[in-house]
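Just below is one structure, and these are the notes that go with it.
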Amino acid sequence: MIDEELVQLLTPEGERVSHPDYQSTLGGDEIFGFFRDMAIVRRLCNESTSLQRQGQLALWAPVQGQEAAQIGAGRALAPMDFTFPSYREHGIAWCRGVPPEDMLRIFRAVSNGGWDPQKYRHSVPTVVLGNQALHAVGYAMGVQRDGAEEAVMTFFGDGASSQGDVLESFVWAASFNAPVVFFCQNNQWGISTPSSLQSKVPLFRRARGFGFPGVRVDGNDVLAVHEVTKRALENARLGGGPTLIEAYTYRMGAHTTSDDPTRYRIDAEVEVWKHRDPIERVKSLLVHEYGFKTKDFDEVGDEADVMALKLREDVLAMGRPDPITMFDDVYAAPHPLIDEGRREMIELGISGGSR
Amino acid sequence: MIDEELVQLLTPEGERVSHPDYQSTLGGDEIFGFFRDMAIVRRLCNESTSLQRQGQLALWAPVQGQEAAQIGAGRALAPMDFTFPSYREHGIAWCRGVPPEDMLRIFRAVSNGGWDPQKYRHSVPTVVLGNQALHAVGYAMGVQRDGAEEAVMTFFGDGASSQGDVLESFVWAASFNAPVVFFCQNNQWGISTPSSLQSKVPLFRRARGFGFPGVRVDGNDVLAVHEVTKRALENARLGGGPTLIEAYTYRMGAHTTSDDPTRYRIDAEVEVWKHRDPIERVKSLLVHEYGFKTKDFDEVGDEADVMALKLREDVLAMGRPDPITMFDDVYAAPHPLIDEGRREMIELGISGGSR
Amino acid sequence: MATTTMTMAKALNDGLRRAMEKNKKVLLMGEDIGKLGGVFRITDGLQKDFGEDRVIDAPLAESAIVGTAVGLAIRGYRTVCEIQFDGFVYPAFDQIVSQVAKLHKRSDGSYTMGLVIRIPFQGGIGAIEHHSESPEAYFAQTAGLRVVSCSTPNDAYWMIQQAIEHDDPIIFCEPKSRYWEKGEVDLDTPPHGLFDAVVRREGSDVTVIGYGSSVKTILRAADTAAAENLSIEVIDARSIAPLDLGPMIKSVEKTGRLVVVQEAPNTASVGSEIVTELTERCFYSLRAPGIRVSGYHVPYPPSRIEDEYRPNVDRILDAVDRVMGFES
Amino acid sequence: MATTTMTMAKALNDGLRRAMEKNKKVLLMGEDIGKLGGVFRITDGLQKDFGEDRVIDAPLAESAIVGTAVGLAIRGYRTVCEIQFDGFVYPAFDQIVSQVAKLHKRSDGSYTMGLVIRIPFQGGIGAIEHHSESPEAYFAQTAGLRVVSCSTPNDAYWMIQQAIEHDDPIIFCEPKSRYWEKGEVDLDTPPHGLFDAVVRREGSDVTVIGYGSSVKTILRAADTAAAENLSIEVIDARSIAPLDLGPMIKSVEKTGRLVVVQEAPNTASVGSEIVTELTERCFYSLRAPGIRVSGYHVPYPPSRIEDEYRPNVDRILDAVDRVMGFES
Ligand SMILES: Cc1ncc(C[n+]2csc(CCOP(=O)(O)OP(=O)(O)O)c2C)c(N)n1
Ligand SMILES: Cc1ncc(C[n+]2csc(CCOP(=O)(O)OP(=O)(O)O)c2C)c(N)n1
Ligand SMILES: [Mg+2]
Ligand SMILES: [Mg+2]
């Protein structure tokens, strides 16, 4: 990971390094805020994993290892910015204010979305790899037409970077100089596919060939991610056009709870990345540079426990939806086949038809 | 067009220029051969345009202005190489030995293809922009598996370069180090769309971001195109992987005979490019450096006339296919709906059922 | 009632213009739709009048045209996408089926997917491959979409405006072979609702249903049949999905005989759907099975033989004869 | 006769293995099919045994998976593409519809499009969105393709081999909810031709036709009905396109009543096609209209309520009651 092209402001040991183009001007409290976010998101992830193991969720997509990438990016967003995630952006959703229980609706298989995307300015999860990148560009074209000083950010993985939709979104973003930031979390894997199969050269370089800048940032360094993202978003808001950020990070866990990574990757690799834990390094900085104490961290732990407990309660309280809700919001206007389906379901006694 | 990144060996005036990486070692006869090819292809194109005007073709896609790009590339191919064209590669088809009348079957609307692609090792035209790029990469993966020293070349335009399929083909070619050469004829236009809308930066640079080399060559300089293509093909055959060649050229005519370019481009632009005519410059070289005479060129003119006359005769002789042929070769094996269709057509007296 | 005569192409152009005047959020996007006015000139002059920000020349990538229209819809814009030809809609299929059709539902109604995808469809213009296809069934099948088709200039003028105003995503199929035919357009009042089937000609012996370019062919067949004292009722489905079954049921209950005409091949087609639904609903009225007159089960043929592929008057009359002769 | 008991997943794995042993030109390509053996482990161990050149882990792009398989077919290879889930086949739709389906024709037979696209389809495994779809009608509609589905391990074992040997492109739909159910596999003799419909249970009162995961559900419904002295004949269509109408006609002529079961929604579906074809061919035999039991016209719902979306025994029996009660 010693890489000239990699923007890093904090070593895995939590020591600051200087960078010619980027420096962090954040104070201790702000950095502590990032720590708190990351710790809570990790707790949320662990709780969800255990909920899944206990049969309370159909599936879970762990984010462990990618907390710095997501919190660094998520905290760089302005309230009016709009974000288009993939399915693993729990940290971004957290920053956007999406209630944790809403993030879990899709995984409890009671919803295909889970929250009101217009309310949080954070789109519903996109499961089809790469589709969302085009939505982000289109939304950004709308921002341009409104003359608004807003940025749009979209998230996808190293695997999704091979999809035509992501690549076309690069073409369009460049052509229209759209205010969009492409945030690629290169977590080294797409299920069992190593990122080296998607690209033989660092992914961030792809942007340049489309006519806009690409940056590789240490995705486990929350300060670096934050600075790089903030700069890219500001640039977009001010009419500077798109940027591709490759956050070089690692998926510490399985692809999802259905996955068995031991079939395709070696423990040693995971071990190496354990030493680059995104939370540990910022904790170390907070202790050594800003004098934060065990008590301070413990308080966050307590807060995370409260969140997790509430999350668990909320999830357990999520009942099975009335089947007749499958007919809601398919169309905005009345539709005969929807009416017919509802009627049949009531006649068959499958649903009481209450709504 | 004064561009450091542009490989040029012959100026528009027909004077040689040196290039650090490429030089032509061809003799006068070989260069005259290129002239002959270009002149015949231009004649073929003109004859086809007039056939279309006379109502003998449904459509024609002129290649005028792009003869050097296609002959330079086409003559760099080895017999065993395989090529995947778009719909405007009449010059490539010529080099592959496809009979001119076969090239016109699709435009006379009597076939959706026109020739036996396996026989000429030149695929049938692909009308859906970019689809063929993936076929080329797949074919090249087959070449690899056969351990054969063959190269594959595929052709597409500046417009098609925005399609997901072309971009995915870059990903795959790089991942598998496929022996494929991407030949992009940037003729400045995709119907009415200027190439600047497809990319704000020179198209050839796109390759680098995918991890393989891109070269921009003066597409109106047959010597330069030939050298650049020959090198790329050799590199592919020897396991060096893919290359993107951007042949910087110009579509002198309309997109097709259905198009009216006066609606979207100014005459002055066409005038500029007239001075860069690909045939004139090589003719000038042949006269001044190799002493070819008017007579030599006239002979080629005569040959072209003979070709054109035969083409016209062949086209006029192409009758309307028996409608029942629409059922041929839809499936390789028997299929009940094909049988049913044939039967119905015979019963309705639409076809005598002869075949 | 202010009426005027114009081609379907002009009617669409005027309809788009009126929709853009009414609502500043209406955008057009597609390949070559600006200076060129589209290969069929449907958007002729609109970029000049509404600017490049509202009439957007697209880089050549259909998935991106539809995918960015989705993002624009989320931002509150209404984009009318032009797909240059039917055969080029497939690169956008994923965005249409997985996103356009499903995002209103996935967002529990938060996103309005107000967008229109215009597709010049069906054959008959002597074009090369991929320029004459009938992809409507792919979309009709997909829950979350609506599919309509116009068959007259008046319908074209009004339906495009109604489609743009509608909050659901609409696949708008334009019978390209009819673009240059003229008809009366009523500039004041829409003739029908967007999703209404319409009886184009009353008759008593056989119901023949079609849409798009087929409607006129059916009307011609009805003329011929009338000369032989056979009375054909002609219904223009207009809305391909959902089907407006009411007028169709009424007609089949009257005639007892059904023929459906379409250019798409039979298998799992809109024709199959119409026959199945009407058979289920008019079982006792039907005196013969419903029959489809369709394109054959082959890739669209070279256009020199397209007239033998597309349902023509002869094939329609043959089918009519078959349903008439069924009991006798 | 050497028979053995195994799951459908294992049967597919063995079938693929045997096809690869027989013909060196057979390749597998797909996402995660190598070391992982595919998310369903259908290709488990095959990369280890046949190498990375024959079992190709693909970068994540479905259009490229199918598009390169086309190129490989032109070079003389037979590629079995694995699409990870039904909902991810749409990015490849353009290549499938415009190239795979049409290149044999376009090349006047010069190109053999021998390739198989395996799609784990239908729902029932409690998955999130896009993992439970039934896209078969999109492909059935497309001239140039063939579409088949297996419903038992024995069929899975043989049909995959038959599909790979066949010279036309085949969309191979695997009912993922049945992957882990066991059944007898005859290792010596294929039970049927690839395109044969098969009567799975004889009966006299109603013909019920389905395919894939529905077959077992229908058989269960038939058991229940038998307890009430209602005799259901169950037909497994197996070949979705082309349909093998012979056994279906024979059955409907016998029973006079028809129900078709599918997980896809009704509109322009394979169910509509079966009903239309059989109505046309058995008009006088039918004592009630053919009825479809299908998924509802909505995006596949969150899986906590998928059992109410997918046709189940109750809904099938309700439809059977309806066709039985039609005349009484
Ligand atoms: C079009 C499409 N194809 C396949 C899949 C199945 N799939 C889900 S996640 C995944 C891997 C994605 O890897 P990456 O983009 O790196 O994201 P990560 O999971 O690592 O966050 C695959 C293949 C999908 N969701 N969409
Ligand atoms: C997928 C697709 N979309 C649209 C078209 C319609 N079309 C045919 S040619 C063309 C322009 C292509 O431009 P370019 O790739 O530069 O090639 P050129 O015609 O200049 O040789 C367009 C838009 C098509 N053939 N395929
Ligand atoms: Mg990844
Ligand atoms: Mg061009």
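These numbers come from the heavy atoms of this one structure, side chains and all, not from hydrogens, waters or symmetry mates. Chain identifiers are assigned alphabetically (A, B, ...) following the order of the sequence lines, protein sequences preceding nucleic acid strands; residue numbering begins at 1 within each chain.
Taking B:Ser196, B:Ser175, B:Gly211 one by one and counting their heavy-atom pairs under 4.5 Å with chain A, the maximum is reached by B:Ser175. Across B:Phe176, B:Phe210, B:Trp172, B:Phe204, the residue that shares the most heavy-atom pairs under 4.5 angstrom with chain A is B:Phe210.
A search for side chain to side chain donor-acceptor pair (under 3.5 Å) contacts involving B:Arg231 returns nothing, not counting sequence neighbours. Qualifying salt bridge (Lys or Arg N to Asp or Glu O under 4.0 Å) partners for A:Arg208, counting only residues two or more places apart in sequence or in other chains: none.
Residues of residues 138-148 of chain B never come within less than 4.5 angstrom of chain A, heavy atom to heavy atom. Residue-level contacts of residues 158-170 of chain B with chain A, in order of numbering, are B:Ser162, B:Gln163, B:Gly164, B:Leu167, B:Glu168; threshold 4.5 Å between heavy atoms.
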message: side-chain contact (heavy atoms from CB on, under 4.5 Å) for B:Val171 and A:Arg206? Distances and angles first, verdict last.
response: CA-CA 10 Å; B:Val171 173; A:Arg206 211 168 269 179; 4.0 Å; yes

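Atom CG of B:Asp267 has 12 or fewer neighbouring heavy atoms from other residues, nucleotides or ligands inside a 6.0 Å radius.
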